[in-house]
**Student:** 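Questions regarding the structure given below will be posed in turn.
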Amino acid sequence: MRSIRKGTFEAGGEAVIAEVILHNLQILQKTLEWNLDNDIRAFRIGSELFPWMGHYSVEKLERFKEIEYECAYTGEFARENGIRLSFHPGPFNVLCSPDPAVVAKTTKELEAHSEIFDLMGYTPSFDTKINIHVGGAYGDKEGALETWTQNYRRLSASLRKRLVIENDDKRSMYSVKDLYGLHELCDGELPITFDYFHHSLHPDGLSEEAALGVAVSTWPTDVVPVTHYSESRRLEYQSIIEQIFQNNFMNLQEDLHKWPTLQLYYDQWSMIKENAHSDYVNRLPETYGHQIDVMLEAKAKDRALLAVREGVESIEEGRRTFTEVI
DNA sequence: CCAGGTCAAGGGAGT
DNA sequence: ACTCCCTTGACCTGG
């Protein structure tokens, strides 16, 4: 896909936008065809599909008819082949911000995502979800959730039938338990996307099974709930280092001064944050009997999915990538 | 031509 | 005050 830098957008305006959108729609179509060939039936579309989408009205773009046609074609292709599409707008979308300008920008951008699904011919449904996080706590979760709810009520009905909320990985932010409260504040409309990895970092007293059950209960019965799955990058790199040096990580830490290369790897490892996502995954999550869709949030994306399907050890794949980088 | 630095946006945590 | 992490690779410039 192509994207557009600020300067280019300001200089070229909407003329350059239409050209890039049409290019990106072609790439999306090719991607979905590749996915279908590889039996990948769920896809998160990158928001760069329509660069700067919150900054113009799609209907008023020149070449709108062409854009409309390509969107409709891709939507029909996805529906006919049972490919489930979704969006995950960036972390800059904060509906509970104390700054009205941030809320206004967020609203525009979320509505724009919803309009793209409209152009693709989708009836508003959580089947084609638009997934975000609450985004801020400001030391007052209850107050922030109240603000979030007020701004949520101002969104279009179409968007509200697509918008879903995901649990966070920090204790200062929103657990599944917190989000269930928000779900109720929003009149039971807002489903929760259960993220396994985030939950493990911020369980808030709920077991994985209980939290998944709570999240699943927030989805309409005629829509398959979506979950996110990834693993710890820190642990992944530990395993890679253990493989390379044929020793366990605890022992290796005592030998750092003997091996400059080991020290280099160790220094890189120590910079990795607890909540960073792995390139690959070793396993798929427990579903506890629920019928759910699982989206991999592994950095290597489709390569991670193909690897875990093939039963290839993620350590081996990851090691290859790691050594190439080094 | 290529590698490396840079790039719209909000917020929280760690150093 | 700065970097990483959530999201994502493409854009752009200097050599």
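What you see below is based on every heavy atom in this structure, not just the backbone, and it leaves out hydrogens, waters and symmetry mates. In what follows, chains carry the letters A, B, and so on, assigned in the order in which the sequence lines appear, proteins first and then strands, with residues in each chain numbered from 1.
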**Student:** Tell me: NZ of A:Lys299 to P of C:dC4, nearest whole Å?
**Tutor:** 14 Å
**Student:** Which nucleotide, if any, forms a Watson-Crick or G-U wobble pair with C:dT8, using both distances under 3.5 Å?
**Tutor:** none
**Student:** Mapping A:Ile4 and A:Gly46 to their closest nucleotides on DNA chain C, which lands nearer the 5' end?
**Tutor:** A:Gly46
**Student:** Checking A:Asp255 side chain against A:Lys258 main chain: does a donor-acceptor pair fall under 3.5 Å?
**Tutor:** no
**Student:** Using atom CG of A:Leu95 as one end and atom P of B:dG11 as the other, report the distance to the nearest whole Å.
**Tutor:**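 From A:Leu95 CG to B:dG11 P: 12 Å.
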**Student:** What is the distance, rounded to the nearest whole Å, between atom NZ of A:Lys141 and atom C1' of B:dG12?
**Tutor:** 12 Å
**Student:** Kindly state whether the ring of A:Phe194 and the ring of A:His199 have centres lying under 6.0 angstrom apart.
**Tutor:** yes
**Student:** With 3.5 Å as the limit, what N/O pairs link the protein to nucleotides 12-15 of chain C?
**Tutor:**
from	atom 1	to	atom 2	distance (Å)
C:dC12	OP1	A:Thr8	OG1	2.7

**Student:** Output the residues of residues 269-278 of chain A in contact with DNA chain C, where contact means a heavy atom of the residue under 4.0 Å from an atom of the strand; sort by number or write none.
**Tutor:**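 Within residues 269-278 of chain A, the residues near DNA chain C are A:Met271, A:Ile272, A:Lys273, A:Asn275, A:Ala276, A:His277.
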**Student:** We want to know whether A:Ser57 and A:Glu59 form a side-chain donor-acceptor pair, criterion being a heavy-atom distance below 3.5 angstrom.
**Tutor:** yes
**Student:** With centres under 5.5 Å and planes under 30° as the test, does A:Phe92 stack with B:dA9?
**Tutor:** yes
**Student:** Cationic tip of A:Arg79 within the cone over A:Tyr122's six-membered ring, i.e. under 6.0 Å and within 45° of the normal?
**Tutor:** yes
**Student:** Round to the nearest Å and state the distance from A:Met1 atom CE to C:dT8 atom P.
**Tutor:**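 After rounding, the reported distance stands at 11 Å.
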**Student:** As a test of reading the structure: which of C:dA10, B:dA9, B:dA8 is closest to the side chain of A:Lys105, going by heavy atoms?
**Tutor:**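 The listed nucleotide nearest to A:Lys105's side chain is B:dA9.
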**Student:** So what does A:Tyr138 hit on the nucleic acid, given a heavy-atom distance under 4.0 Å: a base, only sugar-phosphate, or nothing?
**Tutor:** sugar-phosphate
**Student:** Quote, to the nearest angstrom, the P distance that separates B:dA8 from C:dT13.
**Tutor:**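 Looking at atom P only, B:dA8 and C:dT13 are 12 Å apart.
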**Student:** How would you label the contact of A:Lys108 with the nucleic acid (heavy atoms, under 4.0 Å): base, sugar-phosphate, or nothing?
**Tutor:** nothing
**Student:** Reckon A:Arg44 touches a base, only the sugar-phosphate, or nothing at all at heavy-atom distances under 4.0 Å?
**Tutor:**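 Answer is sugar-phosphate: A:Arg44 comes under 4.0 Å of backbone atoms only.
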**Student:** Rounding to a whole Å, what distance do you find between A:Phe197:CZ and C:dT7:P?
**Tutor:** 10 Å
**Student:** Using the P atom as the point on both nucleotides, what is the distance between B:dG5 and C:dT3, in whole Å?
**Tutor:** 13 Å
**Student:** Check every strand shown and say whether A:Glu166 touches a base, only sugar-phosphate, or nothing at a heavy-atom separation below 4.0 Å.
**Tutor:**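 The answer is nothing, as A:Glu166 stays clear of every strand by at least 4.0 Å.
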**Student:** Please give, in whole Å, the distance from C:dT8 P to A:Ile27 CD1?
**Tutor:** 17 Å
**Student:** Taking CD1 from A:Ile132 and P from B:dG10, how many angstroms apart are they, rounded to a whole number?
**Tutor:**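 My rounded result for the distance is 15 Å.
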**Student:** Name the pairing partner of B:dA8, where a pair is Watson-Crick or G-U wobble with both distances under 3.5 Å, or state none.
**Tutor:** none
